[in-house]
Structure formats: structure tokens, C-alpha cells
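Please read the structure below before turning to the comments.
Starting from 1, each residue takes its place in the sequence as its number.
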Amino acid sequence: MSLTLDTYRLLGRSGLRVSPLALGAATFGTDWGWGAEQDEARKLFDLYVERGGNFIDTANTYTNGSSERLLGEFTRDNRESLVLATKYTTLRRPGDPNSGGSHRKSLFASVEASLRQLNTDYIDLLYLHVWDFTTPVGEILRGMDDLVRQGKILYVAICNAPAWQVSRMQAIADLRGWSPLVALQIEYNLIERTGERDLIPMAREMGMGVIPYSPLAGGVLTGKYSRADLTATDVASDDGTRKSFNVALGTLTERNLAIADVVKEVATELGRTPAQVGLAWTLRQPSVTAPIIGARTPAQLEDNLGALEVDFTGAQLAHLDEISAIELGFPHDMLASDHIRKVTAGDLRIETRR
């Protein structure tokens with residue numbers, strides 16, 4: 001069934017309504033050597049909002065703060081109707097160890113800076129951006145809850161953290177009556193499905209909506225790369241391009257290009273673009289609330305929004321799932337085996353509704 005940007009979904013176990021595709025604003029500004037200039041970024045923003053989109057994702061250090069500043073300008077007339085999500089923990093001032101991290105000082109200073117840059121007096125959704133492995137979880141949760149009680153943030157969430165730490169945080173928040181985490185942002189796409197082992201089941205059990213970033217795997221799923229790129233020697237690892245970034249991350253592999261080939265096959269069958277097929281697969285996963293799209297031009301955004309109208313056949317979904325499947329590993333594969341089912345349930349047939 002086709003969707004639209006105003007086919008709103010609830011975010012986790014909150015009552016917050018968000019669009020099924022979030023607009024990523026990491027492309028707003030050219031401070032990093034790529035992205036959209038102000039006028040072009042404004043066109044992206046206007047196009048998304050005019051279609052009914054209300055969920056916009058940024059971070060305090062995206063494009064060195066330009067992303068938040070541009071959003072602060074663009075949202076002057078419709079701030080209340082939008083759900084603005086931003087993040088903290090990445091270093092804001094090189095050389096200052098307390099300008100980054102998950103601790104209370106970083107949290108409060110980052111939120112104040114984001115409020116100024118976004119030209120607003122509250123943030124709808126604040127993510128802890130990157131797990132720092134040093135700050136006690138109680139310090140993080142209490143700091144977030146204090147900001148919620150002050151009205152400076154409305155909901156709290158987390159990105160890029162181990163599942164066991166996130167579940168621990170959620171349990172502590174519930175037991176102490178602190179603001180619960182309502183969203184989990186992770187990399188998730190047809191190439192990167194390891195979140196299915198623990199992160200996504202954990203989010204489902206503990207009331208967090210899954211917000212995937214990089215749903216097109218850095219452009220690999222759009223079909224823009226070929227086998228020749230596997231052996232290319234003329235790509236500098238620091239030239240600032242998406243290709244060099246993918247090379248550095250090891251995203252360009254034979255397996256990943258084989259997945260991209262199947263995406264192209266399905267796109268041809270449907271009369272769609274590979275980008276629309278890749279996005280639509282992620283969008284339609286049961287635990288996913290809203291993938292983040294990061295277009296740099298209105299044409300790219302238009303193409304991405306076409307994913308809302310993609311309907312797969314059962315055979316097409318099976319083909320995509322099969323080519324991209326991962327091994328869940330221990331204990332998941334063992335627990336799903338017929339032997340374990342027999343020793344725990346015998347011949348009983350027990351239906352689960354989750």
C-alpha cells in the first residue's frame with residue numbers, strides 16, 4: 001500500500017506523530033566540502049514540508065553547526081508543526097575535552113548551543129549521538145531527565161550504542177521514573193543488517209522506534225558503483241568524496257555490489273529507481289519507524305520520496321532478503337533450531353504475536 005509523508009507513525013512508545021521518512025539535514029551547508037548551499041537547502045526543506053513531512057534530523061556538529069543554523073532560519077514560520085531531532089556528544093571545540101562526550105557538562109552545553117543555533121526554546125527529540133564508554137548511565141539519564149523537566153527537550157533517544165547498554169538504560173529509566181528512550185538510531189539497510197541480531201529486537205521489546213540512517217548504504221544501493229571500483233587505485237582516502245568515504249569504510253565489496261545488482265533487477269521489474277527500491281525495503285521493515293533520507297538536490301529528494309509508493313511482490317521481497325541475509329550467530333541460530341524448540345515445547349505449537 002502506498003504511503004505519503006503525512007501517513008504519520010507513532011515514535012516508539014510515545015504519542016509523538018512523525019512522518020515515515022525523515023529529512024536528514026547533514027547535507028545542509030557546504031562546510032565539509034560537499035552538501036547543499038543555503039538556497040538549495042531551503043528548496044529541500046520546502047519540498048519536504050510541502051509534501052506533509054514533519055520529521056527533520058540534524059546534529060549539533062553537522063557541517064560545523066551550519067545545519068542547525070540553517071534549520072533555525074527555515075523553521076521561523078512553522079516551528080511548532082515540526083519535529084526537530086538533534087544530537088549531542090561529538091566534539092564541538094577541538095582541544096577541549098569537555099566539549100564532547102556523554103557527560104552532564106557536555107550535555108547541558110550542547111543543548112544550549114543547539115537551542116541558539118536552531119533559534120528555538122525547545123528540542124523535540126535529543127539523541128545521545130555516540131557512546132563514549134566512560135560516562136555512567138545514571139549521569140546520562142538524570143541529565144536528560146532534568147532537561148525534559150525544564151522543558152528544553154521533549155523526548156530522549158540514542159544512537160550508535162551497544163544493545164546491552166541501551167536496554168540497561170531503558171530499565172533504569174523505567175525503574176526510577178526518568179524519561180524513557182523513545183527512539184534508536186542505527187545504520188540499517190540491505191547491506192548492513194547486523195542490527196537484526198540484537199539492536200532491533202531490543203528496540204521492539206523496550207518501546208523504541210528504529211530510525212535507520214544511511215538507508216542506501218552511502219549510495220552503494222543506488223547502483224552508482226561497479227566492479228571496477230573494487231580495484232580502483234586512483235581514489236584518495238581523504239579527498240572528501242562519498243566514493244573515498246566508502247572505500248575507507250570498506251563498503252565497496254563483491255557481496256555488497258551483488259546486493260546492489262539485485263536491487264537494480266527489482267527496480268527494473270517495478271519501473272522504479274534502485275534508490276527507491278533500497279529505501280522502500282528499509283521503510284517497510286516492521287520495526288522501522290522512519291528511515292532518514294539525505295538528499296543534496298531537489299531531484300534526489302523527489303526520487304527518494306518515490307519510495308513511499310513502491311509495492312513489492314512476495315517474490316521480490318524474498319529475493320532481496322535472500323541476497324542480503326546475514327547469520328544471526330549465537331545464541332539466535334541455536335534458539336531458533338528445531339532441536340531447541342522440541343526440548344522446550346515438545347510437540348506443542350505456540351503462536352507468538354510480537
Side-chain angles (χ1 to χ4, degrees), residues 5-28 41 44-46 48-62 65 67-90 102 107-129 140-141 143-160 166 169-170 173 178-186 203 207-213 288-294:
L5 285 178
D6 56 2
T7 309
Y8 301 114
R9 295 173 169 182
L10 293 179
L11 183 59
R13 61 180 179 185
S14 78
L16 188 64
R17 288 88 162 171
V18 298
S19 294
L21 287 175
L23 178 64
T27 58
F28 285 21
L44 294 170
F45 174 85
D46 288 343
Y48 177 77
V49 173
E50 286 166 4
R51 296 287 183 87
N54 75 340
F55 194 17
I56 301 175
D57 181 90
T58 186
N60 59 344
T61 56
Y62 282 173
S67 177
E68 285 191 337
R69 287 190 291 271
L70 289 173
L71 283 173
E73 177 65 27
F74 300 163
T75 59
R76 286 180 182 274
D77 299 327
N78 57 354
R79 170 66 186 93
E80 191 173 350
S81 65
L82 300 173
V83 177
L84 293 184
T86 192
K87 312 176 188 75
Y88 89 103
T89 63
T90 50
S102 305
L107 168 61
F108 277 66
S110 294
V111 166
E112 292 297 338
S114 289
L115 290 172
R116 290 192 298 271
Q117 292 185 154
L118 289 167
N119 190 35
T120 185
D121 54 7
Y122 70 97
I123 294 164
D124 295 288
L125 180 67
L126 180 74
Y127 289 96
L128 184 155
H129 198 169
I140 298 167
L141 288 166
M144 286 180 159
D145 188 66
D146 284 346
L147 287 168
V148 171
R149 291 173 189 272
Q150 292 173 20
K152 293 184 177 181
I153 57 178
L154 304 186
Y155 299 93
V156 297
I158 193 165
C159 315
N160 305 312
V166 179
M169 291 175 73
Q170 193 74 317
W178 291 341
S179 300
L181 302 167
V182 300
L184 174 73
Q185 191 172 132
I186 60 171
M208 286 171 271
V210 176
I211 310 296
Y213 66 83
V288 167
T289 301
I292 299 169
I293 49 179

Distance, nearest 0.5 Å, that separates [atom1] of [X] from [atom2] of [Y]:
X	Y	atom1	atom2	result
Ile153	Asp146	CD1	CG	9.5 Å
Asn119	Arg76	CG	CZ	4.5 Å
Ile56	Ile292	CD1	CD1	12.0 Å
Leu23	Asp57	CG	CG	9.0 Å
Thr86	Gln117	OG1	CD	8.5 Å
Ile211	Leu125	CD1	CG	8.0 Å

What pair of heavy atoms forms the shortest contact from [X] to [Y], and how long is it?
X	Y	value
Tyr127	Cys159	CD2-SG, 3.4 Å
Pro20	Pro291	O-CD, 3.2 Å
Ala183	Leu11	CB-CD1, 3.9 Å
Leu21	Ala290	N-CB, 4.2 Å
Leu10	Thr289	O-CG2, 3.9 Å
Gly143	Leu107	C-CD2, 3.5 Å

What verdict does the side chain to side chain contact (heavy atoms under 4.5 Å, CB included) test give for Met169 and Trp178, after you've listed the backbone C-alpha separation in whole Å, the side-chain angles of each residue and the deciding distance to 0.1 Å? CA-CA 10 Å; Met169 291 175 73; Trp178 291 341; over 6 Å; no

Regarding Asn160 and Tyr213, is there a side-chain donor-to-acceptor distance under 3.5 Å anywhere?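 Their side chains do contain a donor-acceptor pair, which is all the 3.5 Å distance test asks for.
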
Between Glu68 and Thr58, do the side chains contain a donor N or O and an acceptor N or O under 3.5 Å apart?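 There is no such pair (donor and acceptor under 3.5 Å, judged by atom type) between the side chains of Thr58 and Glu68.
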
Arg69: what forms a salt bridge (Lys or Arg N to Asp or Glu O under 4.0 Å) with it, not counting sequence neighbours?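 Per chain and number, Arg69 pairs via salt bridge (Lys or Arg N to Asp or Glu O under 4.0 Å) with no residue.
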
Of all residues at least two apart in sequence or in a different chain, which pass the salt bridge (Lys or Arg N to Asp or Glu O under 4.0 Å) check with Arg116?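 For Arg116 there are no salt bridge (Lys or Arg N to Asp or Glu O under 4.0 Å) partners, ignoring immediate neighbours.
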
Between Val49 and Leu82, is any pair of side-chain heavy atoms under 4.5 Å apart?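 Of all side-chain heavy-atom pairs linking Leu82 with Val49, at least one is under 4.5 Å.
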
Non-hydrogen side-chain atoms of Leu44 and Phe28 separated by less than 4.5 Å: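 Yes, at least one pair of side-chain atoms sits under 4.5 Å.
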
Just to verify, what does [X] make a side-chain contact (heavy atoms from CB on, under 4.5 Å) with, not counting sequence neighbours?
X	result
Ala59	Tyr62, Lys87, His129
Arg51	Leu5, Leu47, Glu302, Leu305
Ser179	Asp145, Val148, Val156
Leu115	Val111, Glu112, Thr120, Ile123, Lys152

Any donor-acceptor N/O pair, Tyr88 side chain to Ser114 backbone, under 3.5 Å: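 Judged by distance alone, no pair lies under 3.5 Å.
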
Side chain to side chain donor-acceptor pair (under 3.5 Å): which pairs involve residues 9-23, sequence neighbours left out?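 Checked against side chain to side chain donor-acceptor pair (under 3.5 Å) - neighbours excluded - the pairs reaching residues 9-23 are Arg13-Asp174, Ser19-Asn54.
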
[X]: which residues meet the side-chain hydrogen bond (donor to acceptor under 3.5 Å, both in side chains) condition with it, sequence neighbours left out?
X	value
Thr89	none
Asn78	none
Thr7	Thr4
Gln150	none

In chain order, what residues pass the ring-ring contact (aromatic ring centres under 6.0 Å, His included) check against Phe45, with sequence neighbours excluded?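 So Phe45 forms a ring-ring contact (aromatic ring centres under 6.0 Å, His included) with Phe74.
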
Report the residue from Val166, Leu126, Ile140, Val182 that forms a side-chain contact (heavy atoms from CB on, under 4.5 Å) with Ile158.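 Single pass found, and it is Val166.
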
